[in-house]
Amino acid sequence: MPYAFANLQDASSLADYIVDKRLSVLNGKISRYPKRAFTCSDIHECDCYMLHSVLDWDKRELHDAGLQAIFDAGNKEEENVKNRIGYELGLEFVETQSPFEIKNRAGEVIASGKIDGKILWHGKAVPVEIKSMNENSFNMINSLDDFKKKPLYRKYLRQMQLYLYGNGQEAGLFIISNFRTEKIILVTLDYSECEYILARLERLWEMKKKGTFPTPEYKPELCDRCPFSSLCLTDVSNKPADFINNEALEEKLTRREQLLPAVSEYKDLDEEIKATFKQIPHAFVGQSFEITGKEQIRKSVDTKAMPDDVKAPYMKETSCWICKIKQIK
Ligand code: SF4
């Protein structure tokens, strides 16, 4: 039996239904989970974050529906990649989402995690971690060194290193996807990096047991979108807020939000393009761009490698104002 024709009102109400329902489905998936130990996929660069993530998991600011949609797409893409590489290439994925634990010297589980799976190759299982990302990030990552460029990708490195270490494996693969195609990046176990991560986790674990926190240090690239910033910036959040009615200021804030995606796109493109021109001293692109480059030696002190007692006499306190802007509507 043929269906009746829909009119404008039907189409319009269907559109509204899809938008509302999709939002409510996404919102229904957003939640917090109790944590007893650190999570290997979330070894953050901030010590405060690490401690809040376990001690204050129930106060973590919930992410929004947009980010949930990205997580969902990433999970779906993991299945798609397994299908493309597994089913279509005839390779077998085993031990998918296999859990692993990291223990301290006292045998306590201080971190736990999962790896996406292993591919059977000549009778041996090669660990693989699948990461999907947008086109700009995908283009930017061509080697393991490129993972070091952003806090999020540095977390991926730590996760893989902990997995390799925890399972006594020499090497694994990152499979990165732009939702259409893949790049394969070889990762080898780096003992010195693992020792650094483990020593840090053990130190943080002892702080977690005592419930102590270090003094938060404001770093825009980490703090501005941190789900625990309201706990760190308590001085501000415990005082009553000022209400300012200033349309021009509100417009500027709105415009600032609109420009935000362009900033991150600019940064990604800038890194990708500059990586393309590495070791090329002089080039023209079409008739519009001239690109020059030269090798420069920079001297720096690796403060992370310095023992605390050596650093202590040079420690100085400076005051700065931390301004965090969050769009609430
Ligand atoms: S707001 Fe900044 S200092 Fe505080 S937990 Fe987050 S990243 Fe760390």
Side-chain angles (χ1 to χ4, degrees), residues 30-64 66-68 70-71 102 110-113 133 137 147-159 161-162 193 196-242 253 256-257 260-261 263-264 267-268 303-304 306 308 311-312 314-328:
I30 300 169
S31 134
R32 305 177 180 95
Y33 299 97
K35 269 214 222 185
R36 278 195 222 100
F38 302 119
T39 306
C40 294
S41 58
D42 193 24
I43 306 294
H44 198 277
E45 273 151 53
C46 168
D47 286 355
C48 288
Y49 176 102
M50 292 294 288
L51 290 158
H52 284 306
S53 73
V54 180
L55 293 171
D56 296 313
W57 64 267
D58 54 334
K59 300 184 194 85
R60 182 187 182 103
E61 192 181 307
L62 291 173
H63 55 270
D64 62 14
L67 195 51
Q68 184 60 43
I70 293 174
F71 292 155
I102 302 291
I110 58 173
S112 59
M133 51 190 70
S137 301
F147 278 88
K148 295 178 185 158
K149 290 177 180 168
K150 287 193 170 187
L152 176 64
Y153 306 145
R154 291 196 284 272
K155 279 204 228 176
Y156 296 168
L157 285 179
R158 291 182 208 115
Q159 177 191 8
Q161 284 299 333
L162 284 177
E193 176 65 10
Y196 175 75
I197 301 170
L198 289 170
R200 179 172 172 237
L201 288 180
E202 289 199 28
R203 174 175 58 77
L204 290 169
W205 184 254
E206 293 310 310
M207 292 177 82
K208 178 242 159 201
K209 288 204 282 190
K210 290 182 200 142
T212 53
F213 287 84
T215 309
E217 198 185 323
Y218 178 70
K219 292 185 181 160
E221 77 278 16
L222 298 179
C223 302
D224 283 354
R225 292 187 178 261
C226 172
F228 297 110
S229 61
S230 61
L231 303 177
C232 273
L233 305 174
T234 45
D235 281 358
V236 177
S237 49
N238 285 344
K239 286 181 187 153
D242 286 338
L253 284 162
R256 179 185 172 278
E257 283 303 310
L260 203 57
V263 174
S264 92
K267 282 187 186 161
D268 287 350
T303 50
K304 275 191 186 164
M306 287 167 83
D308 287 346
K311 275 191 272 185
Y314 302 98
M315 202 73 86
K316 63 172 185 177
E317 280 191 5
T318 48
S319 130
C320 66
W321 184 258
I322 298 165
C323 178
K324 187 169 181 254
I325 297 168
K326 181 169 118 185
Q327 190 166 31
I328 48 178

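Whatever order the structure lists them in is the order used to number ligands and atoms, beginning at 1.
- Of all the atoms in ligand 1, the ones that sit under 4.0 Å from a non-hydrogen atom of S229 are 1 (S).
- Near C226, meaning under 4.0 Å from one of its heavy atoms, ligand 1 places the atoms 1 (S), 5 (S), 6 (Fe), 7 (S).
- At least one N, O or S atom of C46, from either the backbone or the side chain, sits less than 2.8 Å from atom 8 (Fe) of ligand 1.
- In this pair, F228 and Y49 present their aromatic rings perpendicular. The plane angle is above 60°, beyond the 30 to 60° band.
- Qualifying salt bridge (charged side-chain N to carboxylate O under 4.0 Å, His left out) partners for K35, counting only residues two or more places apart in sequence or in other chains: D42.
- Counting atoms of ligand 1 from 1 in the listed order, those under 4.0 Å from a heavy atom of C48 are 5 (S), 8 (Fe).
- Residue C232: an N/O/S atom is found under 2.8 Å from atom 4 (Fe) of ligand 1.
- Separating the CD atom in E45 from the CD atom in E217 is a distance of 12.0 Å, to the nearest 0.5 Å.
- A search for side-chain contact (heavy atoms from CB on, under 4.5 Å) contacts involving R256 returns I325, not counting sequence neighbours.
- Short contacts between ligand 1 and Y49, defined as distances under 4.0 Å to a heavy atom of the residue, involve ligand atoms 5 (S), 8 (Fe).
- Between the side chain of R32 and the main chain of R60, a donor-acceptor pair closer than 3.5 Å is present.
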